[in-house]
Amino acid sequence: MHQLINNSLNAIWIVGEEGKIYYCNRACLELLRVFSPENILNKNFCIFLPPDIHEICKDRLRRVLEKKEQLELLETKMFRNDGEVIEVELRTAPCYLGDKIFAQVIVQDITHRKKTEKLLNDQGKLASIGQISASIAHEIKNPLTSVKGFQLLKESQPHFYLDIMESELDKALATIQNLLHVSKPDLFEEPLVPIELCKELNSLLFLFQEKLYNVNTELLFRDSERNLVGKRNLLLKAFFNLIKNALEAIPDKGDIKIEHYYQNGFINIKICDTGVGISEDMLKKLGTPFLSTKSEGTGLGLTQVFTTIHEHGGSIFVQSIIGRGTVFHVQLPCD
Ligand SMILES: Nc1ncnc2c1ncn2[C@@H]1O[C@H](COP(=O)(O)OP(=O)(O)OP(=O)(O)O)[C@@H](O)[C@H]1O
Ligand SMILES: [Mg+2]
């Protein structure tokens, strides 16, 4: 029995009165990055848990030891011995050793699951921002277009202000049209076609010849025979926007690396630059329409990228370090 628990792949703690750790199996030592059981036995299990849930845990322990209850799952953070914080799920039930009752706690590391959930949630949020912007744009476009019709007034009653009104209206309509373009790719029923992405990425780079003068480009294309099926114009526009951003992030000299490879049913495209980087605060908001740090930027580039990749069932991961550079990692499903 002892062997079974010790070799179990689940991290298991046996906790006694006052929260003292009575036993801890091998998987648990590994999870907590504790080298030997002596470093942990007889310590209070609360030292691995955040202070705000200590009271809750004491109460749970009481319920197990006194009322012999099997408890509902508890999600919390946990501190490893080296200070790293992980997300865990605690499953707790009574267990008997001889005639004494203890709490058996199974600890499951759910850090990865939590990260994925957050990512899906963020992508969902971005998709809905895109949808909301598209419907607002649609609503505003109609009245603006009818106001534009009144420019006929100019002919009967010319006025300097009417010219300004006309040009400002044109700007507003162009902005709205852009927003519609990027936030509702479905508006343009583009057919799904096979796309030779490596070839297309090569051609896209040619469009930036002038800007590539000070930038060293490296292309690492693997698995280029894998054909992607998608909306060609939308996808090319998305990669154009990503490459454009990468180039604009490099003020003087720098490097851009584009990788292409296939893994587990997905084509992966990584666009890495050694540019200015993106702050943490900004990272969280990427994809929101009109978010831009550039004087001439519309802030719609990434909205187009996120909605397009999302529409193709893909995902985007962004990593960045200020002053060092940025990686945009796109994954697109492929047979
Ligand atoms: N590779 C990158 N490196 C550093 N910052 C980036 C990078 N990509 C995007 N950003 C940041 O994200 C912001 C939004 O990008 P987005 O492409 O949506 O708009 P923009 O580039 O400002 O304008 P537009 O694309 O319309 O010209 C940028 O202003 C910039 O601050
Ligand atoms: Mg851009």
Side-chain angles (χ1 to χ4, degrees), residues 119 122-123 125-134 136-137 170-185 201 204-220 233-260 268-312 314-331:
L119 194 81
D122 287 353
Q123 290 197 347
K125 266 193 233 155
L126 281 170
S128 34
I129 290 175
Q131 276 161 12
I132 293 169
S133 334
I136 295 177
D170 282 341
K171 273 191 219 157
L173 275 168
T175 308
I176 297 272
Q177 193 55 40
N178 272 342
L179 181 60
L180 270 176
H181 251 284
V182 300
S183 55
K184 207 153 185 303
L201 287 171
L204 276 181
L205 264 178
F206 262 106
L207 301 175
F208 294 100
Q209 278 306 323
E210 214 179 295
K211 290 194 175 163
L212 288 174
Y213 192 67
N214 281 326
V215 177
N216 181 33
T217 45
E218 188 184 352
L219 303 180
L220 278 175
N233 289 327
L234 282 178
L235 278 175
L236 294 197
K237 194 163 176 197
F239 287 108
F240 174 92
N241 281 329
L242 289 176
I243 298 172
K244 179 169 167 275
N245 280 348
L247 280 165
E248 287 169 350
I250 300 175
D252 303 314
K253 279 184 184 296
D255 307 320
I256 287 186
K257 184 167 81 181
I258 306 183
E259 278 183 69
H260 176 288
N268 290 257
I269 304 99
K270 282 189 182 176
I271 297 175
C272 321
D273 66 66
T274 57
V276 291
I278 305 173
S279 68
E280 277 209 20
D281 192 37
M282 184 89 180
L283 268 180
K284 288 186 208 138
K285 299 184 204 144
L286 286 186
T288 312
F290 306 115
L291 177 84
S292 177
T293 52
K294 302 171 192 168
S295 55
E296 299 284 305
T298 64
L300 289 176
L302 285 182
T303 310
Q304 191 272 340
V305 173
F306 278 83
T307 43
T308 299
I309 302 300
H310 204 252
E311 203 205 339
H312 282 81
S315 9
I316 301 198
F317 309 90
V318 192
Q319 283 174 313
S320 189
I321 301 178
I322 285 283
R324 294 272 293 278
T326 305
V327 180
F328 275 86
H329 182 168
V330 175
Q331 284 187 325

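One-based numbering, in listed order, for ligands and for the atoms of each.
- Protein heavy atom at the shortest distance from atom 7 (C) of ligand 1 is I278 CD1, 3.8 Å.
- Looking from atom 14 (C) of ligand 1 to the surrounding protein, the closest heavy atom is L291 O, 3.1 Å.
- For atom 12 (O) of ligand 1, the nearest non-hydrogen atom from the set L247, L283, L286 belongs to L286.
- The minimum heavy-atom distance between V305 and A238, with the atom names listed, is CG2-O, 3.5 Å.
- Atom CG of residue L219 and atom CG of residue L205 lie 5.5 Å apart, to the nearest 0.5 angstrom.
- Taking atom 30 (C) of ligand 1 as the reference point, the nearest protein heavy-atom neighbour is T293 OG1, 3.4 Å.
- Within the 4.0 Å heavy-atom shell around ligand 1 one finds G277.
- The protein heavy-atom contact nearest to atom 19 (O) of ligand 1 is G299 CA, 3.3 Å.
- Proximity of D273 to ligand 1, defined as any heavy-atom pair under 4.0 Å, is confined to the side chain (atoms from C-beta onward).
- One distance of note links CD1 of I269 with CD1 of I258; it measures 10.0 Å at 0.5 Å rounding.
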Could you walk me through whether E311 and T307 pass side chain to side chain contact (heavy atoms under 4.5 Å, CB included), step by step?
-> CA-CA 6 Å; E311 203 205 339; T307 43; over 6 Å; no

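- The contact set between ligand 1 and T298, taken as ligand atoms under 4.0 Å from a residue heavy atom, comprises 23 (O), 24 (P), 26 (O).
- Atom numbering of ligand 1 starts at 1 in the shown order; those under 4.0 Å from a heavy atom of A249 are 2 (C), 3 (N), 4 (C).
- Remark: side-chain polar atoms of T274 are paired, donor with acceptor, to backbone N or O of D255 under 3.5 angstrom.
- Under the 4.0 angstrom criterion for non-hydrogen atoms, Q304 is not in contact with ligand 1.
- Closest approach of F240 to L204, counting heavy atoms only: N-CD1, 3.8 Å.
- Heavy atoms only, all atoms of each residue included: S292 and G297 are closest at OG-CA, 3.6 Å.
- The OG1 atom of T308 sits 11.5 Å away from atom NE2 of H310, with the distance rounded to the nearest 0.5 Å.
- From Q331, atom CD reaches atom NZ of K270 across 9.0 Å, with rounding to the nearest 0.5 Å.
- Annotation for S320 and T326: closest pair OG-OG1, 2.9 Å, computed over non-hydrogen atoms.
- Contact annotation for E296 and ligand 1: no heavy atom of the residue comes within less than 4.0 Å of the ligand.
- Within a 6.0 Å radius of CD in E280, other residues, nucleotides and ligands contribute 12 heavy atoms or fewer.
- In terms of polar-atom proximity, defined here as any N/O pair under 3.5 Å, N241 makes no such contact with ligand 1.
- Atom 11 (C) of ligand 1 has its closest protein heavy atom at M282 CE, 4.1 Å.
- Taking every heavy atom of K244 and a limit of under 4.0 angstrom, the matching atoms of ligand 1 come to 24 (P), 25 (O), 27 (O).
- Considering every non-hydrogen atom in both S315 and I309, the closest pair reads N-CG2, 3.7 Å.
- A side-chain donor-acceptor contact under 3.5 Å links Q304 to the backbone of L234.
- Counting the atoms of ligand 1 from 1 in the order shown, those under 4.0 Å from a heavy atom of G301 are 16 (P), 17 (O), 18 (O), 25 (O), 26 (O).
- Residue, atom and distance of the protein heavy atom nearest to atom 18 (O) of ligand 1 are L302 N, 2.8 Å.
- With sequence neighbours excluded, the residues that form a salt bridge (charged side-chain N to carboxylate O under 4.0 Å, His left out) with K294 are E248.
- Atom 22 (O) of ligand 1 has its closest protein heavy atom at S292 OG, 2.6 Å.
- Near the Mg ion (ligand 2), less than 2.8 Å away, sit the protein N, O or S atoms N245 OD1.
- Looking at atom 9 (C) of ligand 1, its nearest protein heavy atom turns out to be N245 ND2, 3.5 Å.
- Short contacts between ligand 1 and F328, defined as distances under 4.0 Å to a heavy atom of the residue, involve ligand atoms 1 (N), 8 (N).
- Each of I271, L212, T217 was checked for a side-chain contact (heavy atoms from CB on, under 4.5 Å) with I243, and the lone residue meeting it is I271.
- Between the choices K285, K294, E248, the shortest heavy-atom distance to atom 20 (P) of ligand 1 belongs to K294.
- Of all the heavy atoms in L220 and K257, the pair that sits closest is CD1-CD, 4.0 Å.
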